[in-house]
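Here is the structure we will look at.
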Amino acid sequence: MTSVYLDNNATTRTDPAVVAAMLPYFTEQFGNASSMHAFGAEVGTALAKARKQLQALIGAEFDHEIVYTSGGTESDNAAILSALETQTGRDEIITSAVEHPAILTLVAHLEKSRGIKVHVIGVDARGHLDMEAYRKALGPKTAIVSIMWANNETGTIFPVEQLAELAHEAGALFHTDAVQAVGKIAINLAESEIDMLSLSGHKLHGPKGIGALYVRKGTRFRPIIRGGHQERGRRGGTENAPGIIGLGAAAELAMQHMEDENTRVAALRDRLEKGLLQRIGNSFVTGDPDNRLPNTANIAFEYIEGEAILLLMNRDGIAASSGSACTSGSLEPSHVLRAMNVPYTAAHGAIRFSFSRENGDADVDHVLDAMPPIIERLREMSPFWRERDVRTEAFNPTYA
Ligand SMILES: *Cc1c(COP(=O)(O)O)cnc(C)c1O
């Protein structure tokens, strides 16, 4: 059966070239980089090269600005927890309503357990930050601002360089969760004021379980994992050599494919989106079609449930995702779409299609054939569809 993978914002396939680059470091090259012998030295050399490869992808000025972690979640946690320790006299956090749970769960915990004041800034219908609320929240108590570079559900891109400048005017640190942006759009940290940035290997065709936190030179940092002197004392534990080397290879490949991602892959995404909207009524794009990642399309199909859509898509060999937190059992629609005020009848039926360089035209053709009957079938069974008020349904000006 045809199988179409369009869930690359959840995870990507590790590129075979990345696996090949990693393999020796599971076998012959098993040394500990810290050891005082040839086994260790060879691994150390490979780690240094991998660091340079990642440095180039994000445009960091110095390779030691990279601290390797276990992934995006750890990087996010490390950035915020560090800022609360280093920013003496400041105990407030500013973030957005559409962050990944790696940020939102942490700040909710800090609020509850430590009484940290958290300003959660809202977004508009296209997912853009409420700048007025952001400026107002900034102040002498702000320890750190954490705003994502690009949203994982809609692809909406935030003006993080500008947000960082505003944070600095208030004396606050600026962190960005760039897990979805790194490898998809050009990033040049040397030219920005961003203090810390999180990234993750498995979102850019690298391995799972490896990520990094960029910490700008001169930024005070307190580790959450203390141990040996690895990562200049900023993250203890023997280096994940295969992971770091795989991430380096993935970074280099991402640079080579960046143009393809922003031209061919974006065109595939656009063709799918346009085709679906033409073929299926009562559907619309969420997010900002004019300012988003090249690989992401989030389309709401009104009056049906995303989980049901995904099940039927899966039967047709198509993998995508919905934003609903079905794990909670409550079938709440995505917090991102709710923050954007997407009507409930639509937010429930939102599907995220996320492409990668591995997708091609045949994938789009298959999805365009498969989706209309799926949506039609589910709507036939939906009481909400039958009872919808056809006189008012097109009246939401933003989402019509
Ligand atoms: C996937 C993702 C994370 C988590 O990264 P892990 O490496 O899986 O821990 C954090 N933030 C965003 C925006 C993500 O998409």
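No experiment lies behind these values; they were computed from the predicted model shown. Both backbone and side-chain heavy atoms feed into the values below; hydrogens, waters and symmetry mates do not. Position 1 is the first residue of the sequence, and the numbers go up from there. Whatever order the structure lists them in is the order used to number ligands and atoms, beginning at 1.
- Within the listing of ligand 1, atoms 7 (O) sit less than 4.0 angstrom from a heavy atom of G71.
- The aromatic ring centres of Y25 and F30 sit 6.0 Å or more apart.
- Considering backbone and side-chain N/O of N152, none are found under 3.5 Å from N/O of ligand 1.
- Considering only non-hydrogen protein atoms, atom 12 (C) of ligand 1 sits nearest to H100 CD2, 3.3 Å.
- The proximity of T73 to ligand 1, defined as any non-hydrogen pair under 4.0 Å, involves the side chain as well as the backbone.
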Open item on the list: F284 vs E302, test: side-chain contact (heavy atoms from CB on, under 4.5 Å). Steps then yes/no.
Closed with: CA-CA 8 Å; F284 55 82; E302 288 184 285; 4.0 Å; yes
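- With respect to atom 6 (P) of ligand 1, the closest heavy atom belonging to the protein is G72 N, 3.5 Å.
- Between the side chain of E74 and the main chain of S70, a donor-acceptor pair closer than 3.5 Å is present.
- Counting heavy atoms under 4.0 Å from ligand 1, residue K203 touches it through the side chain alone.
- Considering only residues two or more places apart in sequence or on other chains, H64 meets the ring pair (Phe, Tyr, Trp, His ring centres under 6.0 Å) condition with F62.
- In this structure, the side chain to side chain donor-acceptor pair (under 3.5 Å) partners of D363, at least two apart in sequence or on a different chain, are N359.
- The shortest N/O to N/O separation between M148 and ligand 1 does not fall below 3.5 Å.
- Nearest protein neighbour of atom 11 (N) of ligand 1, counting heavy atoms only, is D177 OD2, 2.6 Å.
- S200 OG, 2.6 Å is the protein heavy atom nearest to atom 7 (O) of ligand 1.
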- [ ] May I have the step-by-step check of side-chain contact (heavy atoms from CB on, under 4.5 Å) for M148 and Q180, ending in yes or no?
- [x] CA-CA 9 Å; M148 65 203 330; Q180 291 295 342; over 6 Å; no
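- Judged by distance alone, the side chain of R379 and the main-chain N or O of F301 form no donor-acceptor pair under 3.5 Å.
- Proximity of H202 to ligand 1, defined as any heavy-atom pair under 4.0 Å, is confined to the side chain (atoms from C-beta onward).
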